[in-house]
Amino acid sequence: MKLMIVALVSLAALLGAAAGPASASTLTWDFFTLTGSPAAPGYSLGTTATTFTQDGQALGVASYTSSGCSGSSWCPGSGDLYAKTEGSSDEQGLGLTDDPYPHDEIGGPYAIYVDLSHAGPATDVMIGSAQGTSTDGEAWAVWGSNNGDSWTELGSGMGGDLVNFTGASLASYDQLIIGDPAGMPYTNSNDILLTGIITDSVPEPGTLALFGAGLLGLG
């Protein structure tokens, strides 16, 4: 009887651990808020790379470029990250100080790199300032990699001001690049913003400990 009670309690703990992350696993990384909701027009973060944290998760971002990379289509860049705002939601997010146009946004050959290895896979990537239409506007692309050397273009588009990319392929990669597409034409200047990312966060240490305790109890 005692063994049965122990087993039932352990099984409950096990099921609770398994169910816990699913109910509170989605995190929204709103870069306008994470950079302190800057006043217009914004400010340079004074660094080419930084890490944002919330709810025990960590998301790394960095300046990248497609120019002069050896053995890779993307490599670390020299432009500082820029927290930009111009009032509307599609003009609030992360850009770069070396935007060639210049609007302190993301303009080729420069891009923003995102490290998801400590935040879980992305489900959504929000891109702002993609002004214009699907046939006459500014273009964007999302690239994915798991090794930092081989990059796959997961999706691209043009126009739409504020775009929410939700491609199923996002979940397969722990590194992303938000920048220009490989072959899509665009008109006038082409610079965009990374406004936000939604992730399915990795289980917290406490959840893993509870899961392990359940397994030991069952044993």
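We number each residue from 1, following the sequence as shown. Keep in mind the model is a prediction, meaning the values are calculated, not measured.
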> Hey, is the main chain of T97 close enough, under 3.5 Å, to the side chain of D80 for a donor-acceptor pair?
Replying inline: no

>> Side-chain heavy atoms nearer than 4.5 Å, only ILVMFWY residues, links allowed to pass through others: does that put W143 and V114 together?
In response: no

>> With a 3.5 Å distance limit and no angle check, can you tell me whether E153 reaches the backbone of A182 through a side-chain donor-acceptor pair?
In response: yes

> For the residue pair A58 and T51, what are the closest heavy atoms and their distance?
Replying inline: CB-CG2, 3.9 Å

>> Applying side chain to side chain donor-acceptor pair (under 3.5 Å) to T28 and D30, what does each step give before you reach the verdict?
In response: CA-CA 6 Å; T28 298; D30 178 350; over 6 Å; no

>> Given 3.5 Å as the limit, does a donor-acceptor pair link the side chain of D180 with the main chain of G108, or not?
In response: yes

>> Quick check: do L193 and I106 have side-chain heavy atoms less than 4.5 Å from each other?
In response: no

>> Tell me whether L27 shares a hydrophobic cluster with V61, the cluster being built from Ile, Leu, Val, Met, Phe, Trp, Tyr side chains joined at under 4.5 Å.
In response: yes

> Do the side chains of V163 and L94 join up, straight or via other hydrophobic residues, at under 4.5 Å, putting them in one cluster?
Replying inline: yes

> Taking all non-hydrogen atoms of both residues, which atom of W140 and which atom of A130 are closest, and how far apart?
Replying inline: CD1-CB, 4.2 Å

> Got a second to check how far L154's CG is from I177's CD1, nearest 0.5 Å?
Replying inline: 11.0 Å

>> I'd like to know if W74 and Y173 are part of one continuous hydrophobic network [Ile/Leu/Val/Met/Phe/Trp/Tyr, side-chain heavy atoms within less than 4.5 Å].
In response: no

> Are the side chains of L59 and L34 in touch, meaning some heavy atoms are under 4.5 Å apart?
Replying inline: no

> Which pair of non-hydrogen atoms, one from A122 and one from L176, has the smallest distance, and what is that distance?
Replying inline: CB-CD1, 4.1 Å

> Looking at F52 and W29, what are the two nearest heavy atoms and their distance?
Replying inline: O-CZ3, 3.4 Å

> Under 3.5 Å, side chain of D115 to main-chain N/O of H118, donor-acceptor pair present?
Replying inline: no

> At their closest point, which heavy atom of G179 faces which heavy atom of A111, and how far apart are they?
Replying inline: CA-CB, 4.0 Å

> Looking at CD of E91 and CG of D161, how far apart are the two atoms once the value is rounded to the nearest 0.5 Å?
Replying inline: 8.0 Å

> Between N146 and S172, is there a donor-acceptor pair closer than 3.5 Å when you use the side chain of the first and the backbone of the second?
Replying inline: yes

> Which value, rounded to the nearest 0.5 Å, describes the distance between L81 atom CG and T48 atom OG1?
Replying inline: 7.0 Å

> F165 and L170: side chain to side chain contact (heavy atoms under 4.5 Å, CB included), yes or no, with the steps?
Replying inline: CA-CA 9 Å; F165 174 64; L170 279 171; 3.9 Å; yes

> Between P181 and S156, which heavy-atom pair has the shortest distance, and what is it?
Replying inline: CB-CB, 3.8 Å

>> Is any side-chain heavy atom of Y110 closer than 4.5 Å to one of S66?
In response: no

> Are the side chain of D55 and the backbone N or O of Q57 linked by a donor-acceptor pair below 3.5 Å?
Replying inline: no

> Does G79 offer a backbone N or O that forms a donor-acceptor pair with the side chain of S63 under 3.5 Å?
Replying inline: yes

> Which value, rounded to the nearest 0.5 Å, describes the distance between Y43 atom OH and T35 atom OG1?
Replying inline: 4.5 Å

> Is there a donor-acceptor contact under 3.5 Å from the side chain of D104 to the main chain of D99?
Replying inline: no

> What class does the angle between the rings of Y64 and Y113 fall in, given that below 30° is parallel, 30 to 60° is tilted and above 60° is perpendicular?
Replying inline: parallel

> If only atom types and distance count, is the side chain of Q175 paired as donor or acceptor with the main-chain N or O of G144 below 3.5 Å?
Replying inline: no

>> With heavy-atom distances below 4.5 Å as the criterion, would you say the side chains of D191 and E138 are in contact?
In response: yes

>> Are the side chains of I127 and V142 in contact, using a 4.5 Å heavy-atom criterion?
In response: yes

> Between T195, L194, I112, which is the residue that forms a side chain to side chain contact (heavy atoms under 4.5 Å, CB included) with F31?
Replying inline: L194

>> Can you tell me how far apart OG1 (T166) and CE (M126) are? Round to the nearest 0.5 Å.
In response: 11.0 Å

> What is the distance from atom CG of L45 to atom OH of Y82, rounded to the nearest 0.5 Å?
Replying inline: 10.0 Å

